Amino acid sequence: MSAAKIYPEFKNSSQQQIEKDILSFWETDKTFEKSVDEREGKPTFVFYEGPPSANGLPGIHHVLARAIKDIFCRFKTLQGFQVKRKGGWDTHGLPIEISVEKSLNITKKDIGTKISVVEYNQKCREEVMKYKDVWDDITQKMGYWVDLNNPYVTFENNYIESVWYLLQQLYKKDFLYKGKKIQPYSPAAGTGLSTHELNQPGAYRDVKDTSAVAAFKVINDEKSKAVFSSIKDANFSIQNTSFLAWTTTPWTLPSNTALAVGANIEYVLVNTFNPYTHLPVHLILAKDLFSKYFNIENENKLDDYKNDGKNLPFVTLGSFFGKEIAGIRYEQLLPFEANSKDKIDGDAFKVILGDFVTTSDGTGIVHIAPSFGADDMKVAAENGIGSLTLVDKEGKFIEGVGEFSGRYVKDYKNEPNYISVDIDISVKLKQENKAFKIEKYEHSYPHCWRTDKPVIYYPLDSWFIKVTAVKERMMELNKTINWKPESTGTGRFGQWLENLVDWNLSRSRFWGTPLNIWRTEDGNEEICIGSIEELNAEMQKSIDAGFLAKEKLSEKLDLHKPFVDDLILVSASGKPMTRESDLIDVWFDSGAMPYAQWHYPFDNTDTFKKSFPADFIAEGVDQTRGWFYTLHAIAVMLFDSVAYKNVVSNGLVLDKNGNKMSKSKGNTVDPFATINKYGADVTRWYMISNSQPWDNLKFDEEGLAETSRKLFGTLYNSYNFFAIYANIDGFVIDAKNTTPLTERAEIDRWVISKLHSLVKEVTASYEDYEPTKAARAIEEFVVEHLSNWYVRLCRRRFWGNELSQDKKAAFETLHECLVIVVQLMSPIAPFFSDWLYQSLLSTKNSIHLSTLVIADEKLIDLQLEQRMSWAQEISSLVLSLRKKTKIKVRQPLQKILIPAIDNSFIAQIDKVKELILAEVNVKEIEYIGDTSGIISKKIKPNFKLLGKKLGGKMKLAADIIQQFSVEQIQQLEQNGTIDIQIENETYSILLDEVEILSDDIQGWLVATNNGMTVALDITITETLKNEGFAREIVNKIQTERKEANFEVTDKIILHVQNQLVLNAILNSYKEYICNETLANDILFADNVSNAKEFDINGEILNLLIQKV
RNA sequence: AGUCCUAUAGCUCAGUUGGUUAGAGUACUACACUGAUAAUGUAGGGGUCGGCAGUUCAAAUCUGCCUGGGACUACCA
């Protein structure tokens, strides 16, 4: 009994302390490194880390995202795979530039004047790693295993060199081209934006803009005369006729060069009034949209008009199809010096046909400003219409636009009294009789994701990647990727691929990977550099040609601006070539990580080959068109391969009310505070078990407390229970010498069977990237099966005096369950599981270096699991009956009755009989056979079978069957069939097609649930009553022992004051009582001093408990 | 505007190929149990399965439309 404690017992250990201890253990043990190194040569499981940017702080959603990554990497490691996890940092891009500008209090304009590009880029380089320490801290505290000692960093020369290599490969395949396109452009940031950037969450926002329906006056010429010749109305004049076109961006109206109509859309021409000037006018708009502006009740009531702009009366003068009015010319809406006709590079101001025109909005006539809309540009080019660009790159009107010159089209400068140009243009139109309807219009409009300012569409020179050329192949290969959830792959990602446009690679910025293309001034000769070696060779050529100073070659190479811009190369024909000034989209950086992280193809080609493509990646669902896309695009174009085989896209973390977390709402959750309070394991477990990774998670602190209490508390108690008794008995697990399963108790075999069923289920779930299913299954096993059934029912087995064979088996069984359960949990809860594992095995070898047990089918006995679940059901029913009759469990009862329809059922129950009897404190089970005559039977049709057979008659048949008499049921049971009449037709019902249940035992107290019926004999005989007394006495003594803080091994002596009824019982149950309470003797006396008074089922007992 | 996801008890979630009393946990209430106490058992209240139609003998489950929540896309005037 005094043996050294093998298993540490923890009275007050906290999850936080455990995690601290395990963290420092991992550090000194180098467990993570070992978990990779020890598996050298084993099959690999390839994981790619999507690089975070360390210039922002980590949030709780990062903990979720990284927990998901960690789980599968740990799981695969447990399975024996080698899982390398190279960390990485995303270091380029606008967010970094913005935060540098903020901290230096400068703007883009100041770069090159107030600060040199060299200095600026140096600042960026520093800024990038601003919060690296915080990130390292959360990484460690949350238990995310990733190699941060050798991360890939996107701004390093090696990384850039790999990116250049990839770009050169694309160039060689003719996938790179330069073109002018109307692109999203942010005047505030001074740069074009890629579609990826517009896809950033929050980029599209509902805004209220001033929208204008403008009237474009028809020119009276041969064409218009011909078109309108059919109109006979005396009041009609072409000079007074206008087209109505709607726009939400009135600032584009001065740049208008055409109007587009739909060929087969019908337009009407009406005589009415201008609602602002009240002058009589003729207007043309789509018939379908007519009712938006006019009320039919006001037809032909021109004389009623009250000059108030309301209830506009009208007279319809005629109607035309779009194809008829195409070609009509109109007067320029807002003529200025800068948009005079000679400034336009083509024909202008006429009606053209566009297939994109619809009648869902506006007037069915579209205002065309080719410089500010992609469709506009396209349709204008097709029709030989020229373009006007009256707005410069800063977002303000150029000189020569009258009163609007120099004004910003949106508030790009945060002017305190910014006045909307849209409004002023609208006012001007109103005054000039050119406005028909000015109103606020709410619509979704893209904003620059960093400056928060509205984007405009603007003609820009750009380099593109021709991804459309491999569209089909990308779709094909996408089908081989296992998406979790599937709908993200087929739906969101699949549709994105179907509507693919070329990837705009250019960015006019300072901090990023420079485009590796040099060109002669005329653009006739160019070169795309694919390596540093090649660059050096070209530099040498240029030095030889005299374009480049000799010293350049010996300078330290930095593949950033402005250094690369200073390099002038020489073309084949001897002309100087300068670098195309653009940087490339940062998304290309991250999409290049499978290659660039290994500096492929310059180094590590073997490593690369072994780690491409990835087996698994995981990021937020918002990366679908981001990282998931760029990885896929580059892999397909250059390697004709997928970049990843399995991808988990996780949802958002919302607050507990389902609102998005945001700093402004103040509902963000601090990951450090959470981990500090509840521990990383609890946080991880809660997030994984609460909702599937791809569903949004409603983060609620109460859920964390529940997880902590239920799962971890229960497991902790189960272990402590084991440890306490194992230590008392000096039990030490001896893996080589365990009790054979056949010699163990039924309940041992049951829990082992359950355990292996669990291993099977959990392994399958992890393999299917379903961590939530795994977590929930583990939780159920621990709480319901292991703790609430196995441990609870087996407690007595652990108490005996010596280490019996049965007790040894119980220890071994519980030990095995705990070891395997923590192994299954370890990917999700890496700290607690490691701590428990090491405690259970008295080892200093981490659980994360162990090999996952494989489910042993031979140990799974479904029949056993079935009969145990019956035992649980029966016990529950008996307890509920006791409850109903208010007979406490401590009072033994004689028997329970169970209707038994077949013998196999009896055989099954017999095997678990002892467990049931002990659990419900009853002496025996009696099975009631069919012939007893006291079982009432209930019959229920099997809808699934009968429904198929009877079809429409099902309902009637169900009524008939359910009302079967006892005789009819008997007949069916005997003959196996019975005929019923439905609407004068006869149908045979077979025994298989119904379910016969017993739901009552006449004359008994019964309970029924899930098809199980149990009756309880509540007669309390004298013997039972006395035994009840004995039990009650034991209970009081036990409670007293506990209150007195006796050790569970302390022996006692009982001093009893003589009592008429209880003396007899104490004597006849002396052995039992002494055994149960570890009493050496019971001593009687007429008077016991210091005795405590107990109420034993109504009898008063004065008793003193004395420790020996 | 379109595409996709989602809606089940106060809260968090299950609910197989459609099959007849819609479940669990949690919270609340009451009573038990307790040599595991960070527990446990039993009982109770709590649901128009977002709404409306349809298919079917039978719909939480399938279809359509609508509403709320969310994400994404857009050249959208």
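Below, chains carry the letters A, B, ... as their sequence lines are ordered, and counting in each starts from 1. Keep in mind the model is a prediction, meaning the values are calculated, not measured.
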Euclidean distance for C1', B/G15 against B/A30 (whole angstrom) = 30 Å
Between B/A71, B/U21, B/G35, which nucleotide has the shortest distance from any of its atoms to the side chain of A/Thr1039?
-> B/G35
With the side chain defined as heavy atoms from C-beta on, A/Arg792 is closest, among B/U12, B/A14, B/A36, to B/A36
Would you check if the side chain of A/Asp695 reaches a backbone N or O of A/Ser691 as a donor-acceptor pair within less than 3.5 Å?
-> no
If pairing means Watson-Crick or G-U wobble with both distances under 3.5 Å, then the partner of B/G68 is B/U6
So, are A/Arg796 and A/Glu1076 salt-bridged, with charged N and O less than 4.0 Å apart?
-> yes
With P as the reference atom in both, quote the distance from B/U61 to B/U55 in angstrom, rounded to an integer.
-> 15 Å
Rounded to whole angstrom units, what separation is found between the CG atom of A/Asn788 and the C1' atom of B/U42?
-> 13 Å
Of the candidate nucleotides B/G41, B/A14, B/U17, which contains the atom at the shortest distance from the side chain of A/Lys944?
-> B/U17
Base, sugar-phosphate, or nothing for A/Val889, non-hydrogen atoms under 4.0 angstrom?
-> nothing
Flag, side chain of A/Asp700 to backbone of A/Glu702, donor-acceptor distance under 3.5 Å | yes
Salt bridge present between A/Glu1032 and A/Lys1036 (N-O < 4.0 angstrom) | yes
Separation between the P atoms of B/C5 and B/A59, rounded to whole Å = 24 Å
Nearest listed nucleotide, side chain of A/Arg890, among B/C33, B/G19, B/U42 = B/C33
Separation between the P atoms of B/U42 and B/G25, rounded to whole Å = 9 Å
Rounded to whole angstrom units, what separation is found between the CG atom of A/Asn1035 and the P atom of B/C33?
-> 7 Å
Considering just the side-chain nitrogens and oxygens of A/Arg795, establish if one lies under 4.0 Å of OP1 or OP2 belonging to B/G35.
-> no
Which nucleotide sits closest to the side chain of A/Glu706: B/U26, B/G35, B/G19?
-> B/U26
Counting Watson-Crick and G-U wobble pairs only, both distances under 3.5 Å, name the nucleotide matched with B/A60, or none.
-> none
Any idea how A/Phe798 and A/Tyr725 line up, ring-wise: parallel (<30°), tilted (30 to 60°), or perpendicular (>60°)?
-> tilted
Are A/Lys888 and B/A32 close enough that a side-chain N or O sits under 4.0 Å from OP1 or OP2?
-> no
Determine the interatomic distance between P on B/U21 and the same-named atom on B/G10; round to the nearest Å.
-> 23 Å
How long is the line joining CG of A/Asn942 and P of B/G18, in whole Å?
-> 15 Å
Counting Watson-Crick and G-U wobble pairs only, both distances under 3.5 Å, name the nucleotide matched with B/U55, or none.
-> none
When the distance from CD of A/Glu993 to P of B/A58 is rounded to whole Å, what number comes out?
-> 20 Å
A/Asn1075 vs A/Leu652, nearer the 5' end of RNA chain B by closest nucleotide = A/Asn1075
Any strand, both distances under 3.5 Å, Watson-Crick or G-U wobble: B/U21 pairs with none
Expressed in angstrom and rounded to an integer, what is the separation of A/Glu498 atom CD from B/G2 atom C1'?
-> 14 Å
Are any of A/Asn696's side-chain N or O atoms less than 4.0 Å away from OP1 or OP2 of B/G69?
-> no
Classify the nucleic acid contact of A/Gly947 as base, sugar-phosphate or nothing, counting any heavy atom under 4.0 Å across all strands shown.
-> base
Ion pair present between A/Lys484 and A/Asp768, side-chain N to carboxylate O less than 4.0 angstrom?
-> yes
Counting just side-chain N and O atoms, does A/Arg709 come under 4.0 Å of either OP1 or OP2 of B/A27?
-> yes
Across all strands shown, which nucleotide pairs with B/U48 by Watson-Crick or G-U wobble geometry, both distances under 3.5 Å?
-> none
From CG of A/Leu654 across to P of B/U12 the rounded distance in Å is 11 Å
Below 4.0 angstrom, N of the basic side chain to O of the carboxylate: do A/Glu919 and A/Arg792 qualify?
-> yes
Are A/Arg776 and B/C13 close enough that a side-chain N or O sits under 4.0 Å from OP1 or OP2?
-> no
Expressed in angstrom and rounded to an integer, what is the separation of A/Leu259 atom CG from B/A77 atom P?
-> 16 Å
Using a cut-off of 4.0 Å on non-hydrogen atoms, how would the nucleic acid contact of A/Asp376 be classed: base, sugar-phosphate, or nothing?
-> nothing
Is the A/Phe628 to A/Trp483 ring centre distance short of 6.0 Å?
-> yes
Report which part of the nucleic acid A/Leu945 touches: base, sugar-phosphate, or nothing (heavy-atom distance under 4.0 Å, all strands).
-> nothing
May I ask you to evaluate whether A/Thr248 reaches the phosphate of B/A77, defined as a side-chain N or O under 4.0 Å from OP1 or OP2?
-> yes
Which residue, A/Lys940 or A/Leu793, contacts RNA chain B at a nucleotide closer to its 5' end, judged by nearest heavy atom?
-> A/Lys940
When we call it a touch if two heavy atoms are under 4.0 Å apart, what does A/Tyr457 touch: a base, just sugar-phosphate, or nothing?
-> sugar-phosphate
Provide, to the nearest angstrom, the distance between the OH atom belonging to A/Tyr987 and the P atom belonging to B/C57.
-> 13 Å
Euclidean distance for P, B/A77 against B/U16 (whole angstrom) | 43 Å
Find the partner of B/A27: check Watson-Crick (N1-N3 plus N6-O4 or O6-N4) and G-U wobble (N1-O2, O6-N3) distances, both under 3.5 Å, and reply none if neither fits.
-> none
Listed nucleotide nearest any side-chain atom of A/Ser718, set B/U20, B/C31, B/A36 | B/A36
Pi-cation contact, A/Phe1046 with A/Lys1107 (under 6.0 Å, within 45°) | yes
Does the base of B/A39 carry an N or O that pairs as donor and acceptor with the side chain of A/Ser787 under 3.5 Å?
-> no
Touch check for A/Lys884, heavy atoms < 4.0 angstrom, all strands: base, sugar-phosphate only, or nothing?
-> nothing
Considering just the side-chain nitrogens and oxygens of A/Ser876, establish if one lies under 4.0 Å of OP1 or OP2 belonging to B/U42.
-> yes
Nearest listed nucleotide, side chain of A/Gln1038, among B/G35, B/A36, B/A77 | B/G35
Among B/G35, B/A38, B/U42, find the nucleotide with the atom closest to the side chain of A/Leu879.
-> B/U42
Are any of A/Asn690's side-chain N or O atoms less than 4.0 Å away from OP1 or OP2 of B/C13?
-> yes
Which listed nucleotide (B/U20, B/A77, B/G25) is nearest to the side chain of A/Lys710?
-> B/G25
Pair A/Trp685 + A/Phe832: ring centers closer than 6.0 Å | no
Rounded distance in Å between the C1' positions of B/A14 and B/U26 | 14 Å
Reckon A/Glu1076 touches a base, only the sugar-phosphate, or nothing at all at heavy-atom distances under 4.0 Å?
-> base
Expressed as a whole number of Å, how far does the C1' atom of B/A32 sit from that of B/A39?
-> 15 Å
